[in-house]
Participant: 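Handing you a structure now.
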Amino acid sequence: MAVVVSGVLGHGLSVALDKTSQLAVSVTAVVVYWRTAHAQEGVERRWRLWMTAAMTSLSIGLLALGWTQLVLGLSLTEPTLLPVGFIMPTVLAMGTVLTLGFLLSPVLAMGAVLALARGSSDSVRIPRGRVVVVLDGLIVVGSLFVLTWVAALESMVQASVTSSPGFAISIAHPTVYLVLVVTLLVTSWTHQPVRRLPMLLLALAALAQSGSGWVFAWFVTHGVTTIPPIADAGFMACPVLLLLSALAPAKTRSARRTGSKELPHLLVPYLPLLVTGLFIAIGTATGVRFNPLEIYVGLGVMFLVIVRQLITLMDNAALVAKLHESQEQLRHQAFHDPLTGVANRELFRERLTAALRRGEPVVLAFIDVDGFKTVNDNYGHAEGDAVLRIVATRLQRCVRDQDTVARLGGDEFGLLVESGAVDPSEIGNRVLDALKTPHQTQGREHEVRASIGIAHRHDCDEDVTADDMLGTADAAMYTAKRLGKGMVVVHGSVPELR
């Protein structure tokens, strides 16, 4: 590239070196992609076969271009030979092959990108709505159009005095490569496998080809008959970058990009918009007048940005609601027993402490299920778990909704009754009656009873703590067990046998 741009070999040799080096590298890339494709399987093989077809198309176009310039001795003043082809049938054929070769190459490369994005079974998809992805793509395309139109395209259209097919194709050639770049950007936002070195090199190759294509078209439409060698810099770099993309390692990071690592991909849609906005701002400050097309397209891009932000705000609101719901679920899991769904020891102790601080009357029942070990030993843990769930349900029916039923561990439960002049013995007897009925579980019937110890406090006593109440109720429960099980012992009273 340095030798061609410097012109030290003279115009003829520089053109020969330019075209032959491009063709040689492009053919080498075809071979490398073909060989590496057959060494792979699945999606890796498919996208490399697509790239083999893309490089074959580019090689055919370069072959036609080299034949026309080096063999036929024609000096191209347009990137296509179609206008000349109406006079010379041989040139017409070469021009058609050249045009199809250069235009099909980026289209086939887009097929490779889409095959890689959609075909990976281990594809780590980045959560993002399809509407947002489409809007991001339109923002990029609209921004690039405004930037290209203001920078060069408008002057090219005005300078072109004919509506020849050559002019249309001279614009289509770099445009298709820009579409390839946008395709790579959009798929990289949503598919992790696209974020790999070969795809980066493919994007750089497309940018190089498109850049030289726009420069070439600008020179041609402004009547420049001798194209400076530097205009071919991007054309020469493109096959080299594509060859490197065939040789580059294609490993994808298995870790999901999150947080700050995802930020560059979130900002990419706005970078072309920022550059375009700065370009327009500088143009306005220097007295450049914009035509209606530029204004309307610019307003359209701004409208897309507003819509995109509204969707983002709605998504954020939904995420906040989902986060709140998740926090509530986590809190419920942290303070409730996973087997029975009632409160666990931590929540029970927290509510008991709060009730004691308020100075309200409190009745605390400590319940040990008698006969549970027999069910567990004879029928298994699954049957025992079913019995515990039935016990928890029946205990909840014995108290009010504002009272607390908790599983304190194993086959031990607790009841906390607040703010009411309730007879402690009545609560205990209510529980015994509720557990008296046999427990039905999957066709089996189990009879379990309970030993209940009750502690109560009717007056405000700041010295009494939750641990004191639990200890008193636990001691009363063990007294009930010693007296024969299946009975209620209220601390501070004479136990009644049932």
Side-chain angles (χ1 to χ4, degrees), residues 22 26 29-30 33 47 50-65 76 78-83 95-117 134 136-149 151-154 156-157 160 163-188 194 198-221 231-242 245 272 297:
Q22 288 187 54
S26 182
V30 172
Y33 266 117
W47 81 264
W50 275 98
M51 286 303 301
T52 302
M55 295 308 303
T56 302
S57 177
L58 181 61
S59 299
I60 292 173
L62 289 171
L63 179 62
L65 179 61
L76 293 183
E78 297 189 49
T80 178
L81 298 176
L82 284 178
T96 303
V97 172
L98 187 155
T99 300
L100 292 177
F102 277 105
L103 291 183
L104 280 178
S105 180
V107 175
L108 293 170
M110 278 187 268
V113 175
L114 296 177
L116 179 62
V134 172
D136 287 346
L138 291 175
I139 291 170
V140 173
V141 172
S143 302
L144 290 176
F145 174 80
V146 174
L147 182 61
T148 306
W149 180 269
L153 193 55
E154 182 181 13
M156 291 165 56
V157 172
S160 179
S163 57
S164 67
F167 173 73
I169 295 175
S170 68
I171 300 301
H173 170 251
T175 301
V176 176
Y177 277 97
L178 275 184
V179 173
L180 172 59
V181 174
V182 174
T183 303
L184 279 163
L185 282 175
V186 172
T187 52
S188 71
V194 181
M199 294 297 105
L200 174 60
L201 292 168
L202 175 59
L204 294 175
L207 286 174
Q209 187 81 359
S210 181
S212 276
W214 287 115
V215 173
F216 195 84
W218 189 90
F219 279 129
V220 169
T221 54
D232 266 14
F235 293 148
M236 296 184 67
C238 177
V240 177
L241 291 168
L242 291 172
S245 73
V297 174

Participant: With sequence neighbours left out, write down each residue that passes side-chain hydrogen bond (donor to acceptor under 3.5 Å, both in side chains) with Ser212, or none if nothing qualifies.
Facilitator: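 side-chain hydrogen bond (donor to acceptor under 3.5 Å, both in side chains) check on Ser212 returns nothing, list empty.
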Participant: State the CG-CG distance between Leu178 and Leu207, to the nearest 0.5 angstrom.
Facilitator: 7.0 Å
Participant: Do Trp47 and Met199 touch side chain to side chain, with heavy atoms closer than 4.5 Å?
Facilitator: yes
Participant: Could you tell me whether the side chain of Met110 reaches within less than 4.5 Å of the side chain of Leu184, counting heavy atoms only?
Facilitator: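 Sidechains of Met110 and Leu184: no contact.
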Participant: First locate atom CD of Gln209, then atom CG of Leu242, and finally report the distance between them rounded to the nearest 0.5 Å.
Facilitator: 8.0 Å
Participant: Taking all heavy atoms of Val176 and all of Leu103, pick out the closest pair and write down the distance.
Facilitator: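 Of all heavy-atom pairs spanning Val176 and Leu103, the closest is CG1-O, 4.2 Å.
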Participant: Could you tell me whether the side chain of Leu62 reaches within less than 4.5 Å of the side chain of Phe102, counting heavy atoms only?
Facilitator: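 SC-SC contact between Phe102 and Leu62 confirmed.
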Participant: Examine the side chains of Ser59 and Ser26 and answer whether a donor and an acceptor come within less than 3.5 Å of each other.
Facilitator: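 Yes.
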Participant: Supply the atom-to-atom distance Ser105 OG to Leu58 CG, rounded to the nearest 0.5 angstrom.
Facilitator: 4.5 Å
Participant: Please check if the side chain of Ser210 supplies one atom and the backbone of Ala206 the other of a donor-acceptor pair under 3.5 Å.
Facilitator: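 Between the backbone of Ala206 and the side chain of Ser210 there is no qualifying donor-acceptor contact (under 3.5 Å).
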Participant: Return the set of residues passing side chain to side chain contact (heavy atoms under 4.5 Å, CB included) with Ala109 (not counting sequence neighbours), or none when no residue passes.
Facilitator: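 Checked Ala109 against side chain to side chain contact (heavy atoms under 4.5 Å, CB included); matches are Met51, Ala54, Leu180, Leu202.
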Participant: In chain order, what residues pass the side-chain hydrogen bond (donor to acceptor under 3.5 Å, both in side chains) check against Tyr177, with sequence neighbours excluded?
Facilitator: none
Participant: List for me each residue that meets side chain to side chain contact (heavy atoms under 4.5 Å, CB included) alongside Thr56, sequence neighbours excluded, and say none if there are none.
Facilitator: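 Partners of Thr56 under the side chain to side chain contact (heavy atoms under 4.5 Å, CB included) test: Val30, Thr52, Ile60.
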